[in-house]
Participant: 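Questions regarding the structure given below will be posed in turn.
Every heavy atom of this structure was used, including side-chain atoms; hydrogens, water molecules and symmetry mates were not.
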Amino acid sequence: MDETSDEPPTSAVLLDDCHFSQVIFNNVEKFYVPGGDITCYYTLTNNIAPRGKDWVGIFRVGWKTTREYYTFMWAPLPSGVSGDTAVQQQIQFKAYYLPKDDEYYQFCYVDQDGVVRGASVPFQFRAETEDDILVVTTQGEVEEIELQNKNLLKENEELKESCTSLQKQNMDLQEQLKKTQELQSGFESLKSNTEKLELELNSLKKENKHLKELDDCREAELHQLKEQIQNVTSEKECLETRLKTALDHMDQLQSQVLNYEKEVENLARLDHDKTEQLESLKEENRQLRTTVAEQGEHKEELERVLENLKGTEASLSLFLQNEQHQNRDLMKELEEKKHLFQILQAKKNETDKENQELREENALLRRLSQTADASFFSPSQHQIPPPAMGSLVFGNPYYASGANLEARAADVASIRKCPMCDEVFPEDIDTSQYEAHVQSHLLECPLCNETFEKSNKQVFDDHVYCHDLENSSEFSSAV
């Protein structure tokens, strides 16, 4: 029927679902002469958006679906006109494709979805009647024609009312369709949101499961770290016990060395007494010989005395030899004592070295200097008395510094002078303000609370870095 080979889009939509008011057909004749081309004029309202597959068809009156078209033409798209204004369009149908009978037909505008958007009044394809033909009718025929005209007018009015009602229903249906489409879009949006929420829920469930697994792993690691902390604590107690034992042993060695020194002094003094006694005996022997020479007349008596003296000299010589031998034994024993003292001194040095290593190893656990620092910055606090000088052989190396710290604390308490910047405060200033000023010159370790002067920033950084190294080594050993 159409000169094109493409079939127009149609549908099985019933008349009740169509929108006849969106396209209005203009200047539609009551009849068209067969054998000639006809032009269809129509107006696109602002309620329709033209598309490329829209078409205009000629339908026989009484059609049910858009598939019952007789012929069609593709509807041209309007150009250069906004969608808010009505557009006048026209299409020309070729005579070859037009119907050849005298049935009633009408134009219908169908969109690319196959839905009718507008329909014209019915028309016929028949020849034009002659106006100058005289028609002779009887009175009965005239009355019958008038009655038919009245019936047609009445039917026409009824059709107009029906058309108005249908248009109103069409508008209501369009509004309902629009609401339905809005509800459909809302439903699709809710459905999409529901799917997204389900995906997020599944993702959260997986993440929750993963977090639970991580939590179990963290609990196992925490338990392992607690065990390692207990092991480190026990090792620390063992090291403290060893340190205490080493200190006790060192004190014993020092007391033994002191006893050995006293014995050596006693032996040297005894040797000196023996030497003086020997010299005294020699001097007495010399005096006796002089007396023998002077008293020659008493030779016999002197010889007896001399023999006695010789015996005494022999006994003294023997005693001297014994004393010399004993002195040699004492000197040998002294040398052995000295050698033993050197060995003990070496052991003491090794013990001191081991003690120093143990002190460095426990430096993070026992901050002995904290007491001195606390007493320096809080003079009103109770001071721990230093141990007596006589308790150690070589004296207490911290006694002098402790005394100086007490003196400095006493001076600060009385003078109210900052020991860092030498700023002097009035006597009526609050102690907390003074301590806050002094604290502003200090850096406090966040791990062990040990304080450093801000001028010794490098020492503070090295101290914190030692903490980091220790934590890293503990964590590595724990892992």
Side-chain angles (χ1 to χ4, degrees), residues 2 6-28 40-91 104-123 155-198:
D2 194 358
D6 295 336
E7 291 293 331
T10 60
S11 66
V13 179
L14 299 178
L15 293 177
D16 294 338
D17 297 329
C18 299
H19 309 281
F20 295 101
S21 62
Q22 295 181 354
V23 178
I24 301 173
F25 288 90
N26 307 317
N27 302 325
V28 180
C40 173
Y41 300 94
Y42 61 92
T43 302
L44 298 174
T45 64
N46 55 2
N47 295 324
I48 185 172
R51 292 181 288 182
K53 289 292 185 177
D54 294 354
W55 55 283
V56 178
I58 297 177
F59 291 79
R60 181 178 293 178
V61 174
W63 58 274
K64 301 297 182 183
T65 66
T66 56
R67 298 173 183 172
E68 300 177 13
Y69 67 91
Y70 184 85
T71 185
F72 79 96
M73 292 290 293
W74 295 112
L77 292 174
S79 59
V81 180
S82 62
D84 296 335
T85 60
V87 182
Q88 301 290 333
Q89 295 288 93
Q90 65 180 19
I91 296 177
Y104 282 93
Y105 292 89
Q106 63 181 153
F107 297 113
C108 292
Y109 188 97
V110 185
D111 62 10
Q112 69 177 17
D113 295 328
V115 179
V116 177
R117 299 296 182 179
S120 69
V121 298
F123 57 86
E155 186 178 354
N156 188 18
E157 292 294 333
E158 291 177 352
L159 288 174
K160 286 182 179 180
E161 292 177 358
S162 177
C163 181
T164 303
S165 176
L166 289 174
Q167 287 180 353
K168 185 177 180 181
Q169 291 179 3
N170 185 22
M171 296 297 292
D172 295 338
L173 290 173
Q174 286 182 358
E175 292 179 358
Q176 291 180 3
L177 178 61
K178 186 176 180 181
K179 292 180 180 180
T180 304
Q181 289 177 352
E182 292 177 355
L183 291 174
Q184 183 69 22
S185 62
F187 175 74
E188 294 294 335
S189 175
L190 289 175
K191 186 177 179 180
S192 176
N193 291 334
T194 303
E195 292 177 354
K196 290 181 180 178
L197 290 174
E198 287 179 354

Participant: With a 4.5 Å heavy-atom cut-off, do Q167 and M171 have their side chains touching?
Facilitator: no
Participant: Ignoring hydrogens, what is the shortest heavy-atom contact between Q90 and P76? Give both atom names and the distance.
Facilitator: O-CG, 4.4 Å
Participant: Looking at every non-hydrogen atom in both residues, tell me the closest pair between A75 and V56 and how far apart they are.
Facilitator: CB-CG2, 4.3 Å
Participant: Strictly below 4.0 Å, N to O, side chains only: are K53 and D111 in salt-bridge contact?
Facilitator: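 Salt bridge absent between K53 and D111.
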Participant: Return the CD to CD distance between Q176 and Q181, rounded to the nearest 0.5 Å.
Facilitator: 12.5 Å
Participant: Is the number of heavy atoms from other residues, nucleotides or ligands under 6.0 Å of F123 CZ greater than 12?
Facilitator: yes
Participant: To check you understand the geometry: which heavy-atom pair defines the closest contact between V23 and L44, and what is its length?
Facilitator: CG2-CD2, 3.7 Å
Participant: So do the side chains of V121 and Y104 get within less than 4.5 Å of each other, counting heavy atoms only?
Facilitator: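 Heavy-atom side-chain distance check fails, nothing below 4.5 Å.
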Participant: Give me the atom names and distance for the closest heavy-atom approach of F25 to Y42.
Facilitator: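 Smallest interatomic distance, heavy atoms only, reads CD2-CB, 3.7 Å.
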Participant: Which of parallel (below 30°), tilted (30 to 60°) and perpendicular (above 60°) describes Y69 and F59?
Facilitator: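 Answer is perpendicular, since the angle exceeds 60°.
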Participant: Testing the 3.5 Å rule here: is there a donor-acceptor pair between the side chains of T43 and Q88?
Facilitator: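 Side-chain D/A pair, T43 to Q88: present.
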Participant: Could you tell me whether the side chain of S192 and the main chain of E188 form a donor-acceptor pair under 3.5 Å?
Facilitator: no
Participant: Got a donor-acceptor contact below 3.5 angstrom from the S165 side chain to the E161 backbone?
Facilitator: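 Side chain of S165 to backbone of E161: no pair is present.
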Participant: Quick one: does Y105's side chain get under 4.5 Å of V61's, heavy atoms only?
Facilitator: no
Participant: Is any side-chain heavy atom of N170 closer than 4.5 Å to a side-chain heavy atom of S21?
Facilitator: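 Result yes, sub-4.5 Å side-chain heavy-atom pair found.
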Participant: Could you report the tightest heavy-atom contact between I91 and M73, atom names first, then the distance?
Facilitator: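 Closest approach of I91 to M73, heavy atoms only: CG2-CB, 3.4 Å.
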Participant: Please report the shortest heavy-atom distance between P50 and Y109, naming the atom on each side.
Facilitator: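 Of all heavy-atom pairs spanning P50 and Y109, the closest is CB-OH, 4.4 Å.
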Participant: Would you say Q174 and Q22 make side-chain contact, with heavy atoms under 4.5 Å?
Facilitator: yes
Participant: Quick one: pull up SG in C163 and CD in E157 and give me the separation to the nearest 0.5 Å.
Facilitator: 12.0 Å
Participant: For E158, is there any backbone N or O sitting under 3.5 Å from a side-chain donor or acceptor partner on S162?
Facilitator: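 Checked: no pair found.
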Participant: Would you give the length of the straight line joining atom CZ of R117 to atom CD1 of I24, rounded to the nearest 0.5 angstrom?
Facilitator: 14.5 Å
Participant: Any idea how F72 and W55 line up, ring-wise: parallel (<30°), tilted (30 to 60°), or perpendicular (>60°)?
Facilitator: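 F72 and W55: perpendicular rings.
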Participant: Please answer whether the main-chain N or O of S185 pairs with a side-chain N or O of S189 as donor and acceptor at a distance below 3.5 Å.
Facilitator: no
Participant: When rounded to the nearest 0.5 angstrom, what is the spacing between CG in N27 and OG in S120?
Facilitator: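 So the gap between those two atoms works out to 11.5 Å.
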Participant: Drop me the distance from K64's NZ to E68's CD, to the nearest 0.5 angstrom.
Facilitator: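 Interatomic distance, K64 NZ to E68 CD, rounded to 0.5 Å: 8.5 Å.
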Participant: At what distance, to the nearest 0.5 angstrom, does CG of L177 lie from CD of E182?
Facilitator: 10.0 Å
Participant: Are side-chain heavy atoms of V110 and D54 found at a separation under 4.5 Å?
Facilitator: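 Counting from C-beta outward, V110 and D54 never come under 4.5 Å.
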Participant: Answer yes or no: is there a donor N or O on one side and an acceptor on the other, between the side chain of N26 and the main chain of Y41, under 3.5 Å?
Facilitator: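 No: the side chain of N26 does not pair with the backbone of Y41.
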